[in-house]
Engineer: 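I'd like to ask some things about the structure below.
It should be emphasised that the depicted structure is a prediction, and the values quoted were computed from it without experimental measurement.
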Amino acid sequence: MMREFHVKSLDGIRAIAVMLVFWAHMDLWHIFPGVFGVNVFFLLSGFLITTLMMREHASRGSVSIKEFYIRRALRILPPMYIVLAIGVVLTVSGVLPGIIDARSVIMQCLHLTNYYLIAAGHPHLVPGLSVYWSLAVEEHYYLLFPFVFAFCYPRMGAKRMAMVLFVLAVAVIFWRTIIIARNPVYTPRTWAATDTRIDSILWGCILALWRNPALTPSTAEPLASWKSCVLALTGLVATSFFYYNIFFKEAFGYTLESVCLIPLFCAAILKRDWLTVRLLNTKVLRWVGQISYTLYLSHLMFFTLFRTNFPNWSRMVNALVVLAFTLLFCQLIRMTVEIPLARIRKKHSWTPSEESARDVFRDVPVQPV
């Protein structure tokens with residue numbers, strides 16, 4: 001039986017992404033580009049989900065949408081609802097500042113945080129859980145994409161489906177540009193809505209379909225082997241952090257960062273001998289990457305908790321305490337919730353045949369989990 005698909009360096013990338021978001025939310029947003037970290041998560045989601053669906057289709061000849069939803073529900077929902085329940089209890093008990101709005105809790109339970117945030121703003125959400133906006137975007141992707149893949153992939157193949165998604169991504173950029181042109185201010189309408197941010201996920205889908213470095217490394221090799229290209233694109237992304245223009249940032253900045261990440265992803269998967277990639281594979285970064293989901297969900301709530309109850313602490317002391325407390329909390333959730341549910345998820349996973357594994361995935365650079 002073929003080993004489970006898992007690329008070590010992607011855990012390291014998750015760790016870097018969640019730490020960017022964490023430190024940005026520790027009132028250090030002017031140093032750490034938290035929005036870029038969210039873009040990394042979006043691109044990863046599109047790439048990994050599409051890759052797994054391609055592998056399943058190659059082995060079974062189809063994709064089980066039912067099993068997909070079961071696996072996603074077991075992975076996403078328990079930590080999400082646990083953190084939300086903690087936030088509600090802490091707010092009702094007065095430990096967290098604010099007044100619980102039942103509508104906002106319902107919207108968060110239904111994965112509509114982003115559109116509720118646009119309509120009502122931060123004060124109406126559970127304190128510290130406005131980060132659920134990005135989870136809502138991903139959940140909407142999970143809800144729709146399996147049907148799109150099941151319909152398009154067998155009829156079009158990978159390359160033609162990639163072109164369809166490319167046209168859709170360009171349409172999203174065009175729509176976002178129209179919105180920001182009509183109202184050139186920094187609002188959640190452009191950075192939080194699914195219809196204006198889904199393109200960041202679509203670029204990951206396009207990478208998986210067009211030139212997937214995990215499934216067909218020989219065709220992706222030229223893209224990742226150009227060190228000058230990788231360095232240039234890294235510099236371009238860094239430049240976008242410092243060039244602050246509302247119209248550029250909101251209309252094109254997310255796209256620029258997502259597209260520039262593509263060769264960096266390829267390099268992280270294929271160039272395991274590079275020093276930077278070896279650093280991504282270190283045990284500490286991989287561990288942070290494995291708990292990154294719960295860390296992302298809970299860190300801002302705990303920051304609000306400690307800042308409110310210990311106002312005399314310095315910003316750095318508060319941040320370090322929050323980091324330590326959040327890491328312990330995430331490890332607890334991982335040991336008591338995520339790992340046991342992972343065993344259940346395996347019962348709803350497909351098993352590739354030996355023949356399809358040899359014919360389709362003979363060059364896949366995988367490592368056991």
Side-chain angles (χ1 to χ4, degrees), residues 2 4-7 9-11 13-14 17 38-73 75-76 134-135 137-172 194 197-217 219-220 223-224 254-255 258-259 261-266 268-270 293 345 348-350 352 356-357 360-361 363-366:
M2 193 174 72
E4 182 175 350
F5 174 77
H6 186 80
V7 182
S9 55
L10 296 186
D11 285 333
I13 290 176
R14 287 190 187 93
V38 174
N39 280 341
V40 173
F41 281 124
F42 282 162
L43 193 71
L44 262 175
S45 292
F47 173 74
L48 289 174
I49 293 300
T50 307
T51 298
L52 291 172
M53 286 186 171
M54 291 172 68
R55 286 164 54 87
E56 182 178 357
H57 190 277
S59 178
R60 299 172 56 176
S62 64
V63 172
S64 173
I65 294 178
K66 174 186 174 181
E67 298 295 327
F68 171 83
Y69 284 142
I70 292 175
R71 292 192 300 269
R72 285 291 88 195
R75 175 69 183 96
I76 299 296
S134 64
L135 181 60
V137 174
E138 294 206 29
E139 286 299 315
H140 299 161
Y141 161 69
Y142 295 146
L143 181 65
L144 297 174
F145 187 74
F147 295 99
V148 174
F149 184 92
F151 179 81
C152 293
Y153 189 75
R155 293 167 176 81
M156 300 179 178
K159 297 300 174 65
R160 290 180 63 187
M161 184 177 174
M163 288 301 300
V164 170
L165 295 183
F166 175 80
V167 172
L168 180 58
V170 172
V172 172
T194 301
R197 286 303 301 277
I198 195 70
D199 61 309
S200 296
I201 298 179
L202 292 178
W203 293 116
C205 302
I206 293 168
L207 171 61
L209 291 162
W210 169 60
R211 184 175 281 186
N212 195 314
L215 298 186
T216 53
T219 60
L223 186 62
Y254 307 129
T255 302
S258 298
V259 172
L261 276 169
I262 289 176
L264 305 182
F265 266 50
C266 291
I269 293 172
L270 296 176
Y293 173 56
R345 287 206 314 273
H348 297 278
S349 299
W350 55 277
S356 68
V360 183
F361 307 122
D363 295 324
V364 176
V366 297

Engineer: Which distance, rounded to the nearest 0.5 Å, do you find between the OG1 of Thr50 and the OH of Tyr153?
Structural biologist: 10.5 Å
Engineer: Calculate, to the nearest 0.5 Å, the distance between atoms OG and CG belonging to Ser134 and Asn39 respectively.
Structural biologist: 10.5 Å
Engineer: Quick check: are there more than 12 heavy atoms from other residues, nucleotides or ligands sitting under 6.0 Å from CE of Met163?
Structural biologist: no
Engineer: Rounded to the nearest 0.5 Å, how far apart are CZ of Phe47 and SG of Cys266?
Structural biologist: 7.5 Å
Engineer: In Å and rounded to the nearest 0.5 Å, what is the OH to CZ distance from Tyr142 to Arg72?
Structural biologist: 4.5 Å
Engineer: Could you tell me whether a side-chain N or O of Ser9 sits under 3.5 Å from a main-chain N or O of Ala268, the two making a donor and an acceptor?
Structural biologist: yes
Engineer: Would you compute the distance between atom CG of Leu207 and atom CD1 of Ile269 and round it to the nearest 0.5 angstrom?
Structural biologist: 7.0 Å
Engineer: Has Ser59 got a side-chain atom pairing as donor or acceptor with Arg55's backbone, closer than 3.5 angstrom?
Structural biologist: no
Engineer: Can you find a heavy atom in the side chain of Ile262 that is under 4.5 Å from one in the side chain of Arg211?
Structural biologist: no
Engineer: Where is the tightest heavy-atom contact between Met54 and Ala208, given as atom of each residue plus distance?
Structural biologist: SD-O, 3.4 Å
Engineer: Do Ile70 and Lys66 pass the side chain to side chain contact (heavy atoms under 4.5 Å, CB included) test, and can you show the C-alpha distance, the side-chain angles, and the key distance before you say yes or no?
Structural biologist: CA-CA 6 Å; Ile70 292 175; Lys66 174 186 174 181; 4.2 Å; yes
Engineer: With a 3.5 Å distance limit and no angle check, can you tell me whether Tyr293 reaches the backbone of Ile76 through a side-chain donor-acceptor pair?
Structural biologist: yes
Engineer: Between Leu165 and Phe145, does the side chain to side chain contact (heavy atoms under 4.5 Å, CB included) criterion hold? Intermediate values first, please.
Structural biologist: CA-CA 11 Å; Leu165 295 183; Phe145 187 74; 4.1 Å; yes
Engineer: Within this structure, what is the CE-CG distance for the pair Met156 and Leu209, rounded to the nearest 0.5 Å?
Structural biologist: 11.0 Å
Engineer: Any chance OH of Tyr69 has more than 12 other-residue heavy atoms, nucleotides or ligands included, within less than 6.0 Å?
Structural biologist: yes
Engineer: Dump the intermediate steps for side chain to side chain contact (heavy atoms under 4.5 Å, CB included) on Thr255 and Trp203, then the final yes or no.
Structural biologist: CA-CA 9 Å; Thr255 302; Trp203 293 116; 3.9 Å; yes
Engineer: Are Glu138 and Arg75 close enough for a salt bridge, meaning some N to O gap below 4.0 Å?
Structural biologist: no
Engineer: Is it true that the side chains of Asn212 and Thr51 contain a donor and an acceptor less than 3.5 Å apart?
Structural biologist: yes
